[in-house]
Participant: 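This is the structure, below, for whatever I ask next.
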Amino acid sequence: MSIELKSPADLKGLKVTVMGLGLHGGGLSCATFLHDAGAIVTVTDMKDEKVLAPSIEALGARDIRLVLSRHEMADFRDADIVIKNPAVAPSSPYLQDCAQIETDISLFLRFSPSPIIAITGSKGKSTTSSAIHHGFEHAGYLSFLGGNITLSPLEFLGRCRPDSPVVLELSSWQLADLRGKGVLKPKIAVLTSIMPDHMNRYKDMEEYVADKRLIYADQGPQDFCVCNLDDEYGRSFGAQSPARVFWYSDHRMKPELAGAYLHQGEAYSQGLGAQDECLVPADLLVPGKHQRKNLAAAALALRLYGLSPEAIRPAMASFPGVEHRLEFFHEAGGLRFYNDSAATIPQAVEAAVMSFASPLTLITGGTDKAIDFRLYEGFISVPRRIVLLAGSGTDKLIPVLKDKGISYEGPFTDFRAAVACAISISQGGDTVLLSPG
């Protein structure tokens with residue numbers, strides 16, 4: 001029988017095992033939060049003490065039992081609660097006999113008094129989440145951003161209030177871990193573009209998309225669900241959602257639909273007032289039509305929350321973008337460098353490539369995630385030059401390039417060598433883009 005958790009005080013005295021300390025903050029945030037709430041904490045990780053040294057140091061003098069370089073079945077079987085890492089598959093043998101499995105997200109949702117704006121999708125979710133958070137802060141709200149965007153929401157739980165909106169970016173894995181718990185009831189759910197991803201974890205697209213659908217599963221008719229009208233899956237989300245559905249699109253929508261649409265570089269509301277209102281101006285800091293569409297979804301979410309167009313427009317205009325997502329970070333020797341390292345599927349590379357008018361040198365390739373690299377065929381002739389990074393995915397991409405008669409440099413196993421090559425073959429006025437795909 002599950003332990004009822006209504007506040008952090010309910011954790012006091014419970015034996016809790018955190019599966020994975022890691023180096024990215026999630027396990028560390030869980031361990032410190034649980035310890036400070038009075039739980040008896042064990043942290044177990046397959047990595048050793050040397051690798052985990054920064055995280056171990058951050059635990060400080062807390063009385064937390066560490067089991068490193070291994071997992072012990074008893075730590076899972078005998079725990080009152082096990083905190084699961086999203087990257088761990090549910091089929092893990094260590095999770096089969098646990099009394100109760102939670103995550104940092106599920107604990108946060110059980111305890112937080114804040115209204116939730118939840119975002120998921122294959123691509124665009126980090127930009128959309130960050131833009132919504134930026135919009136709230138620009139308008140003077142106390143707002144928090146966490147989840148898949150690398151910050152555990154347990155970090156800011158103690159500062160949450162009923163009037164402080166929390167923006168949660170949620171991956172399919174994080175959503176899957178919430179299935180059946182009834183704790184995710186966002187005031188606003190936003191679904192960005194759906195594309196094949198993580199096919200090395202899922203048996204097919206429908207299984208992957210089924211996890212995405214969980215974002216609105218426990219919403220009610222008083223809530224809002226923002227869906228992509230131009231996406232087949234987006235339309236199915238809108239048809240299935242129990243919440244009030246609003247749409248965003250590349251073009252003006254049918255009069256009976258409410259939402260936001262793009263027109264001549266700007267985004268306008270539709271069906272939200274007496275007349276359409278400009279929510280996203282044409283002059284933005286982030287490049288690319290797909291980024292404008294992400295900002296249209298973000299602006300629509302802010303409008304549904306209650307912000308005025310007058311507050312939303314300058315916020316979207318000043319949004320700087322997200323690190324690793326078409327991030328302009330350097331200019332030298334007449335070359336402009338963009339880091340799009342979060343582009344881990346071919347469709348994301350296409351969106352990046354099509355965002356630039358200047359001659360392009362593309363650095364791409366890497367590890368395969370069981371994705372069809374023939375998708376490169378539709379846009380791979382756009383870059384003037386191509387530099388390949390070595391990896392199992394690149395091995396599948398090379399035949400595509402050869403079939404189309406497209407030359408390339410590499411593949412390089414050393415990233416510095418790849419960048420040096422890209423610089424050497426580029427000319428003043430060119431853009432050098434890292435977008436691995």
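Just so you know, these numbers come straight off a predicted model, no measurement behind them.
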Participant: Got a donor-acceptor contact below 3.5 angstrom from the Ser164 side chain to the Cys160 backbone?
Facilitator: no
Participant: Using 4.0 Å as the upper bound for N to carboxylate O, is an ion pair formed by Arg303 and Glu277?
Facilitator: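 Looking at Glu277 and Arg303, the cut-off is met.
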Participant: Does atom CE of Met354 have more than 12 heavy-atom neighbours, drawn from other residues, nucleotides or ligands, at distances under 6.0 Å?
Facilitator: no
Participant: Does a side-chain N-to-carboxylate-O contact under 4.0 Å join Arg374 and Asp372?
Facilitator: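 Counted as a salt bridge, because a side-chain N and a carboxylate O are separated by less than 4.0 Å.
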Participant: Cation over ring, Lys187 on Tyr305, under 6.0 Å and within 45°?
Facilitator: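 Yes; both conditions hold, so Lys187 lies above the ring face of Tyr305.
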Participant: Quick one: are the ring centres of Tyr261 and Tyr248 less than 6.0 Å apart?
Facilitator: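 For Tyr261 and Tyr248, the ring centres are not under 6.0 Å apart.
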Participant: Under 4.0 Å between a side-chain nitrogen and a carboxylate oxygen: does that hold for Arg235 and Asp230?
Facilitator: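 No.
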Participant: In sequence, state the C-alpha distance, the side-chain angles, and the governing distance for Arg110 and Glu102, and then conclude on salt bridge (Lys or Arg N to Asp or Glu O under 4.0 Å).
Facilitator: CA-CA 10 Å; Arg110 292 186 189 280; Glu102 300 286 345; 3.0 Å; yes
Participant: For Ile425, is there any backbone N or O sitting under 3.5 Å from a side-chain donor or acceptor partner on Arg385?
Facilitator: yes
Participant: In terms of heavy-atom contacts, does CD of Glu137 have more than 12 from other residues, nucleotides or ligands at under 6.0 Å?
Facilitator: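 It does: Glu137 CD has more than 12 such atoms within range.
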Participant: Salt-bridge test for Lys293 and Asp250: reply yes if a basic N is under 4.0 Å from a carboxylate O, no otherwise.
Facilitator: yes
Participant: Do Pro186 and Ile117 come close enough that some side-chain heavy atom pair is under 4.5 Å?
Facilitator: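 No, side chains not in contact.
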Participant: For a side-chain hydrogen bond (donor to acceptor under 3.5 Å, both in side chains) check, start with the C-alpha distance between Glu169 and Ser126, then their side-chain angles and the critical distance, and finish with the verdict.
Facilitator: CA-CA 7 Å; Glu169 178 192 325; Ser126 292; 2.7 Å; yes
Participant: Apply salt bridge (Lys or Arg N to Asp or Glu O under 4.0 Å) to the pair Lys84 and Asp177, showing each step before the final yes or no.
Facilitator: CA-CA 8 Å; Lys84 177 187 174 296; Asp177 289 337; 3.0 Å; yes
Participant: Run the numbers on Phe379 and Tyr376 for ring pair (Phe, Tyr, Trp, His ring centres under 6.0 Å), then give the verdict.
Facilitator: CA-CA 6 Å; Phe379 63 88; Tyr376 270 82; 5.2 Å; yes
Participant: Locate the shortest heavy-atom distance separating Ala297 from Val226; write the atom from each residue and the value.
Facilitator: O-CG1, 4.5 Å
Participant: Please report the shortest heavy-atom distance between Gln219 and Cys225, naming the atom on each side.
Facilitator: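 Closest approach of Gln219 to Cys225, heavy atoms only: OE1-CB, 3.8 Å.
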Participant: Can you name the one residue among Leu34, Leu157, Val16 that meets side chain to side chain contact (heavy atoms under 4.5 Å, CB included) with Leu107?
Facilitator: Leu34
Participant: Would Arg336 and Phe328 count as a cation-pi pair here, with the cationic atom under 6.0 angstrom from the ring centre and within 45° of the axis?
Facilitator: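 Because its charged atom sits under 6.0 Å from the ring centre and within 45° of the axis, Arg336 does stack over Phe328.
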Participant: Check each of Leu362, Ile398, Val387 against Tyr408 using the side chain to side chain contact (heavy atoms under 4.5 Å, CB included) test, and report the only one that passes.
Facilitator: Ile398
Participant: For Gly22, is there any backbone N or O sitting under 3.5 Å from a side-chain donor or acceptor partner on Ser55?
Facilitator: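 Yes, Ser55 side chain to Gly22 backbone: donor-acceptor pair under 3.5 Å.
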Participant: Ring-plane angle category for Tyr94 and Phe76, please: parallel below 30°, perpendicular beyond 60°, tilted otherwise.
Facilitator: tilted
Participant: Charged N to carboxylate O under 4.0 angstrom, Glu350 versus Lys289?
Facilitator: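 Result for this pair is no, no salt bridge flagged.
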Participant: Do Lys396 and Asp368 sit within salt-bridge range, that is, some charged N less than 4.0 Å from a carboxylate O?
Facilitator: yes
Participant: Tell me which one of Leu170, Leu214, Asp218 satisfies side chain to side chain contact (heavy atoms under 4.5 Å, CB included) with Leu184.
Facilitator: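 Only match with Leu184 under side chain to side chain contact (heavy atoms under 4.5 Å, CB included): Leu170.
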Participant: If you take all heavy atoms of Ala89 and Leu95, which pair is closest and at what distance?
Facilitator: O-CD1, 3.7 Å
